[in-house]
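For reference, the structure is listed below as structure tokens.
Since this is a predicted model, take the numbers as computed values, not measurements.
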Amino acid sequence: MERSALVYVGLTVVTVVLGLCVDNVEYVPNRVGKGTYHERGSTLCERRLARNRIAIFAIYCLLAGVSACRIAVGNDYWVYRFNFNLIAQNRHVSSEFGFNYIVKWIQLLFGYDEYLPVFAFFSLVTVFFFVKALSDQGSFFAFSLYLLMTGGYYFNSLNSVRYYLALAIALYAMKYVLRGEYGKFVLWILVGVMFHKSVLVVIPAYLAARFLAAAPLKKWHYAAGGIFLCTLIFGQNLYREIIFWFYPYYRNSNFDDGQLSYVNILKCICVLGLCVICYRRSLREDVRNRFYFFLNLFGLAVYCCGSFIPEVSRIGYYLIISQVFLIPVLLSQMPAGWLRRICYVGVIGAFGAYFVFLLRGMYAVDVRLLPYLNWIFN
């Protein structure tokens, strides 16, 4: 691993340390609920609130800066640049209309083939939604940020610009599902659709998870779940035709490889196992945690039975990214003792090891997130 990898390692360490300055344990439950913590009479003092805002703003600046200043980072970087020029020439591209209009508008402002401002704009917006989602929903901000970084979500956003913007919007919009503000949720997802149509899948998925989280499970719920799994197994051709209607260029492409993501399957199984351990204390009565639990259950089903879906992880990530909220709450609510310590060490160690393997894989030709280059020094 050469020296530029230290940029990613250092960024992770520094931002997580800054995240330790964010104390929003009392803030998050009220943001996820109907009111704000001021309306709920929180005792969170103004000094702590100011410290939180300063730390979160510093984290945003660091993450957005590394992302916005990159050049030639990502296997699709120059493909995007080529598409930017096609958009400016009013030629056909496969990307969504919202993305195309913004690219055209930025090129009108800065000039033809000025691709750096385009990448910078989408970096600033994507990181904003990631950080805002953690601020509003992550009861333990630093731990959630650690999982977001070591889980690869932030670093992979340097690739697949459109998809990760949609993913960040979906993560941000989760709070509206939990509040029962479904109109706002749908509106935000429709904003995400303007950049990547795959985000439409979260509307039925998140609403179903919210319904199951609030309702006592009955026999017909299990029957419906079994029917859904059967459709994934026996109705693959129908699903594929729907997918190829949205993305015809995926048919028989390199993305249509039918591979299973064993790492993500293992992550889902381990998280669900942790949920079983913490069921009585954390899940039985907590709608928010049950919502995240069902999203991970859906994610396991998709990864196990949905290998026929091209780029299945793009669907799975919409579901399992909720782990960044669920895992810290589950661990924090475990009784103090040896089991809690083992679980903390296991989670931190597992995500840290995954991050190391992620860094090693960033040199691959089909990833190319390393070496890191930026237009300031390179």
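Tracing side-chain contacts under 4.5 Å through hydrophobic residues (I, L, V, M, F, W, Y), one never reaches Val276 starting from Tyr292; they form parts of separate clusters. The hydrophobic clustering, which links ILVMFWY residues whose side-chain heavy atoms are closer than 4.5 Å, places Tyr372 and Trp375 together. Residues Ile227 and Ile233 do not share a hydrophobic cluster, defined by chaining ILVMFWY side chains whose heavy atoms lie under 4.5 Å apart. Taken together through direct or relayed side-chain contacts under 4.5 Å among Ile, Leu, Val, Met, Phe, Trp and Tyr, Val66 and Phe377 form part of one hydrophobic cluster. Residue Leu165 is grouped with residue Phe97 when hydrophobic side chains (ILVMFWY) are merged at heavy-atom distances under 4.5 angstrom, including chains of intermediate members.
Using a 4.5 Å heavy-atom threshold, the side chains of Leu187 and Val191 count as separate. By the 4.5 Å heavy-atom criterion applied to side chains, Glu114 and Leu109 are not counted as neighbours. Here the side chains of Val329 and Phe325 are not in contact, with every heavy-atom distance at 4.5 Å or above. Side chains of Leu18 and Leu62 form a contact here, defined as non-hydrogen atoms less than 4.5 Å apart. Under the 4.5 Å side-chain criterion, counting only non-hydrogen atoms from C-beta, Leu63 is in contact with Met149. Side-chain contact between Ser160 and Arg314: present, with at least one pair of heavy atoms (C-beta onward) separated by less than 4.5 Å. Phe195 is not listed as a side-chain neighbour of Thr126, based on a closest heavy-atom distance of 4.5 Å or more. Counting only heavy atoms from C-beta outward, the side chains of Gln333 and Ser139 never approach each other to under 4.5 Å.
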Kindly determine whether Phe122 and Phe99 satisfy ring-ring contact (aromatic ring centres under 6.0 Å, His included), including the steps that lead there. CA-CA 9 Å; Phe122 285 104; Phe99 179 81; 5.0 Å; yes

Run the ring-ring contact (aromatic ring centres under 6.0 Å, His included) test on Phe155 and Tyr164 for me, step by step, so that the C-alpha distance in whole Å, both residues' side-chain angles and the decisive distance to 0.1 Å come before the verdict. CA-CA 10 Å; Phe155 294 107; Tyr164 278 92; over 10 Å; no

Please test Leu86 against Asn83 for side chain to side chain contact (heavy atoms under 4.5 Å, CB included), starting from the C-alpha separation and ending with a verdict. CA-CA 5 Å; Leu86 292 181; Asn83 286 338; 3.9 Å; yes

Pair Arg91, Asn85 - check side chain to side chain contact (heavy atoms under 4.5 Å, CB included), show working. CA-CA 9 Å; Arg91 296 171 64 182; Asn85 292 339; over 6 Å; no

Between Val263 and Phe357, does a side chain to side chain contact (heavy atoms under 4.5 Å, CB included) hold up when you go through it step by step? CA-CA 11 Å; Val263 172; Phe357 283 105; over 6 Å; no

Before you tell me yes or no, could you show the steps for Ile277 and Leu330 under side chain to side chain contact (heavy atoms under 4.5 Å, CB included), namely the whole-Å CA-CA distance, both residues' side-chain angles and the distance that decides it to 0.1 Å? CA-CA 9 Å; Ile277 295 173; Leu330 292 179; over 6 Å; no

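No option in Phe185, Phe128, Trp188 other than Trp188 meets the ring-ring contact (aromatic ring centres under 6.0 Å, His included) test with Tyr172.
The heavy-atom pair separating Leu274 from Cys343 by the smallest distance is CD1-SG, 4.0 Å. Between Ala209 and Leu295, the shortest heavy-atom contact is CB-CD2, 3.7 Å. Nearest heavy atoms, Pro335 versus Arg340: O-CB, 3.5 Å. Of all heavy-atom pairs between Leu326 and Asn289, the closest is CD1-O, 3.8 Å. When all heavy atoms of Val193 and Glu96 are compared, the pair lying nearest together is O-CG, 3.5 Å. Across every non-hydrogen atom of Ile169 and Gly192, the tightest pair is CD1-CA, 3.9 Å.
Other residues, nucleotides and ligands place more than 12 heavy atoms under 6.0 Å from the OH atom of Tyr182. Around the CZ atom of Phe82, the shell of radius 6.0 Å holds no more than 12 heavy atoms that belong to other residues, nucleotides or ligands.
For Tyr77 and Phe119, the ring centers are positioned less than 6.0 Å apart. The distance between the ring centers of Tyr317 and Tyr153 falls below 6.0 angstrom.
Aromatic ring pairs are classed by plane angle as parallel below 30°, tilted from 30° to 60° and perpendicular above 60°; the pair Tyr146 and Phe143 is tilted. The aromatic rings of Trp105 and Phe121 sit perpendicular to each other, their planes meeting at more than 60°, with 30° as the lower class boundary.
Using a distance-only test at 3.5 Å, with no hydrogens or angles considered, a donor-acceptor pair links the side chain of Ser157 to the main chain of Tyr154. Checked by atom type and distance alone, the side chain of Tyr206 pairs as donor or acceptor with a backbone atom of Tyr318 at under 3.5 Å. A donor-acceptor pair under 3.5 Å is formed between the side chain of Thr12 and the backbone N or O of Tyr8. Listed for the Asn296 side chain is no donor-acceptor partner under 3.5 Å among the backbone atoms of Ser322. The closest donor-acceptor contact from the side chain of Gln137 to the backbone of Leu171 lies under 3.5 Å. Side chain of Tyr60 to backbone of Leu124: a donor-acceptor contact under 3.5 angstrom is found. Checked by atom type and distance alone, the side chain of Ser123 never pairs as donor or acceptor with a backbone atom of Ala64 at under 3.5 Å. Remark: the backbone N or O of Asn75 is paired with a side-chain donor or acceptor of Arg368 at under 3.5 angstrom. For Arg51 (side chain) and Cys21 (main-chain N/O), a donor-acceptor pair under 3.5 Å exists by modelled atom type. Gln107 contributes a side-chain N or O that, together with a main-chain N or O of Phe84, makes up a donor-acceptor pair within less than 3.5 Å.
Taking OH of Tyr80 as the start and CZ of Arg162 as the end, the distance is 5.0 Å to the nearest 0.5 Å. Interatomic distance, CD1 of Ile327 versus CZ of Phe140, reported as 13.5 Å (0.5 Å rounding). One distance of note links CG of Asn237 with CD of Glu241; it measures 7.0 Å at 0.5 Å rounding. Separation of atoms CD1 (Ile315) and CD1 (Ile320) is listed at 12.0 Å; rounding is to 0.5 Å. The distance from the CG atom of Leu373 to the SG atom of Cys69 is 12.5 Å, given to the nearest 0.5 Å. For the atom pair CG of Leu359 and CG of Leu369, the computed distance is 9.5 Å after rounding to the nearest 0.5 Å.
Within the cation-pi definition used here (under 6.0 Å to the ring centroid, within 45° of the axis), Lys267 does not qualify as a partner of Tyr303.
A salt bridge links Asp113 to Arg81: one of the charged nitrogens lies within less than 4.0 Å of a carboxylate oxygen.
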